[in-house]
Amino acid sequence: MSIKEVQSLPGFREFYPESCAVRNYIFDMWRNVAHRYGFAEWEGPVLEPTDLYRRKSGDEIAGQLFCFEDKGGRDVSLRPELTPSLARMAVAKQREYKKPLRWFEIGACFRYEKPQKGRLREFYQFNCDMLGESAPAIDAELIALAIDVMTGFGFTKEHFAVRLSDRNIWKRFMQEAGVPEENETTLLQIIDKLERTRPDVLDTQLQAIGTSLAAVQEFTASKAETEAVTTVRQQLEARGFGDFVSVDLSIVRGLAYYTGVVFEIFDCQGDMRAVAGGGRYDNLAKLIGGSDMPAAGFAMGDVVIGNFIEETPVAKAKLDAYVKAASELDAYVIVASEERRPDALGIVQKLRSAGLRVDFALTAAKVGKQFQSAEQRNARLAVIVGDEFPEVSIKNLTTREEVKTTSDGVVEAIQHALA
RNA sequence: GUGACCGUAGCUCAGUCGGUAGAGCCCCGGUUUGUGGUACCGGUUGUCGCGGGUUCGAGCCCCGUCGGUCACCCCA
């Protein structure tokens, strides 16, 4: 059977070392920034009862769920996002943790959709959440974290922007415009699509629920703020992040469970795609069957941010530097004389014990070949072990300088040469 | 789910008017045996995605299918 007869599934990922290094770069950045904000890492199940997602989002998302029946007849789904599992876990052990919780997860998520740019069937989400606190300070904290991730990747205010809003502002609009309360969900769905629907269609839809496109446009232009938005904005300004943030009432987020402040991070170079998004979900814990627990969070996906990094030269340069460093070898031990292989192995091991990254030729090969291998393996130094043993040579593969040392002093000499 | 475009060597691709395939890169070996990146020489490589049809003859034309890319839809 040829290898092609069993292909990987569409939209699922295979990480060869090069792309795995890129992935790790993104993960490291996420993890490091989260740690700087005092967040603890957690992980939930990859497979969940389908009900967990139906309950909070409604049946209309079932078509995008990667769901199937397991051998026990259970209706199960690969997680399409991390928040519902988080809400359940946090509710279950609510009393065991001091509030607010600062939790983050990096986990694979799955959505059954046609793969295309920025969207695959398998992707990683970085999810940061704070639970058990209703003050807008946590919204500001989360947005600050997201901004630090972006600047960590090398992005500046020329590249991205945070658009901030509050779903509750539309309640005010509905009262002022006389839109019946039961139309709230419909209104928010229309607002969510403000930028990608034709104006005449929008107007028709809005007329149907008792308002008009003109009224909506006038309202968004007012840049009205709720108290929460004002607080968040001021706290971000106090951190020096004011340049990144602007109020945009058309941001309401698609998810049904958001209840208050919402925000999205946009790529303002290209097509204004959202690279991260989140907000308040004070009712989710209750929806899932727990007691009330105010909460907020955001998610960032590896595919979109990966594309964004690749397309932005300053960010790409940082990524490349990381990838190069990750593949680098401190030393390549050259067995110049086969009789000295045991001694060479001793040195290899000694260097590895000292924490250095070391490789060597496993089988007899000409010295020239071994140098070539050292070069190709991206080694900084070559350690030549030959007939002169216990004298060994250390050659800097960049400067071509060569120094001699002894077997006993080789670790120190290498560390010195690498410094 | 809908649509457009694309599938030829491990990779990037060429292949004319239908006459059973080629280049570059990569990889391996060599340029007289203990010092690398260049150069030169040599070598391996294909069910032309798969299945059917038209034809004396299909990589090329037609149908289907699978896969890929992009867009729409949707976006948790």
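Not measured: the values here are computed from a predicted model. Sequence lines set the chain letters: A, B, ... in the order given, protein chains first and strands last, and positions in each chain run from 1.
The same atom, C1', is picked in B:U54 and in B:U12; the two are 33 Å apart, to the nearest Å. Spacing of C1' atoms, B:C74 relative to B:U2, comes out at 12 Å, to the nearest Å. Nucleotides B:G15 and B:G53 are separated by 29 Å at their P atoms, to the nearest Å. Between B:G67 and B:C50, the two P atoms lie 15 Å apart (nearest whole Å). For the P atom pair drawn from B:C26 and B:U38, the interatomic distance equals 8 Å after rounding to whole Å. Rounded to the nearest Å, the gap between the C1' atom of B:C27 and that of B:G10 is 9 Å. Between the P atoms of B:U44 and B:C60, the separation comes to 27 Å (whole Å). Going from the P atom of B:C66 to that of B:A9 covers 22 Å, rounded to whole Å.
Contacts of residues 396-419 of chain A with RNA chain B (heavy atom under 4.0 Å): A:Leu397, A:Arg400, A:Glu402.
Note on ring orientation: taking the six-membered ring where Trp is involved, the planes of A:Trp170 and A:Phe173 are perpendicular (angle over 60°, cut-offs 30° and 60°).
Distances were taken from every side-chain heavy atom of A:Gln116 (C-beta onward) to each of B:A71, B:A76, B:G29; the shortest belongs to B:A71. The A:Leu65 side chain lies nearest to B:A76 when the options are B:A76, B:G68, B:U35. Side chain of A:Gln64, nearest nucleotide from B:G34, B:G67, B:C74: B:C74. When distances are taken from the side chain of A:Phe371 to each of B:A76, B:U35, B:G68, the shortest belongs to B:U35.
Remark: the A:Gln125 side chain and the B:A76 base include no donor-acceptor N/O pair separated by less than 3.5 Å. Residue side chain A:Lys366 does not reach the base of B:U33 through any donor-acceptor N/O pair under 3.5 Å, judged by distance alone. One donor-acceptor pair, N or O on each side, does fall under 3.5 Å between the base of B:G34 and the side chain of A:Glu388. Taking 3.5 Å as the limit, the base of B:C70 and the side chain of A:Arg119 contain no donor-acceptor pair of atoms between them.
With hydrogens and angles ignored, the 3.5 Å screen pairs a side-chain donor or acceptor of A:Arg280 with a backbone N or O of A:Ser134.
With A:Tyr332 as the aromatic partner, A:Arg377 does not meet the cation-pi criteria of under 6.0 angstrom to the ring centre and within 45 degrees of the ring axis. Cation-pi geometry between A:Arg121 and A:Tyr112 is satisfied (NZ or CZ under 6.0 Å from the ring centre, within 45° of the ring normal). Within the cation-pi definition used here (under 6.0 Å to the ring centroid, within 45° of the axis), A:Arg163 qualifies as a partner of A:Phe266.
Counting any heavy atom pair closer than 4.0 Å across all strands shown, A:Leu82 reaches no nucleic acid atom. Heavy atoms of A:Gln370 sit nowhere under 4.0 angstrom from any nucleic acid atom.
Checking each of A:Glu48, A:Glu122, A:Glu43 against A:Arg79 for a salt bridge (Lys or Arg N to Asp or Glu O under 4.0 Å) leaves exactly one that passes, namely A:Glu43. The only member of A:Ile147, A:Val149, A:Thr312 that meets side-chain contact (heavy atoms from CB on, under 4.5 Å) when paired with A:Phe155 is A:Thr312.
As rounded to whole Å, 11 Å separates atom C1' of B:G1 from atom CZ of A:Arg121. To the nearest angstrom, P of B:C26 lies 10 Å from CD of A:Gln376. Atom NZ in A:Lys117 sits about 19 Å away from atom C1' in B:C73, given to the nearest Å. Atom P of nucleotide B:C11 and atom OH of A:Tyr16 are separated by 10 Å, given to the nearest angstrom. Between the C1' atom of B:A76 and the CZ atom of A:Arg253 lies a distance of 8 Å, rounded to the nearest Å. Following rounding to the nearest Å, A:Tyr112 (OH) and B:A76 (P) show an atom-to-atom distance of 21 Å. For the pair A:Arg111 CZ and B:C75 P, the interatomic distance rounds to 11 Å; values are reported in whole Å. Rounded to an integer number of Å, the gap from A:Lys114 NZ to B:C66 P is 10 Å.
For RNA chain B, runs of at least 3 consecutive pairs of the Watson-Crick or G-U wobble type, with both hydrogen-bonding distances under 3.5 angstrom, map to B:1-7 with B:66-72, B:10-13 with B:22-25, B:27-31 with B:39-43, B:49-53 with B:61-65.
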Applying ring-ring contact (aromatic ring centres under 6.0 Å, His included) to A:Phe160 and A:Phe153, what does each step give before you reach the verdict?
CA-CA 11 Å; A:Phe160 78 96; A:Phe153 282 128; over 10 Å; no

Given the rule in the salt bridge (charged side-chain N to carboxylate O under 4.0 Å, His left out) test, do A:Glu311 and A:Arg273 qualify, once you have shown the distances and angles that lead to the verdict?
CA-CA 13 Å; A:Glu311 293 161 15; A:Arg273 64 193 155 177; 2.8 Å; yes

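A:Asp129 and A:Tyr281 share a donor-acceptor pair across their side chains, judged by distance under 3.5 Å alone. A:Asn168 and A:Thr226 share no donor-acceptor pair across their side chains, judged by distance under 3.5 Å alone.
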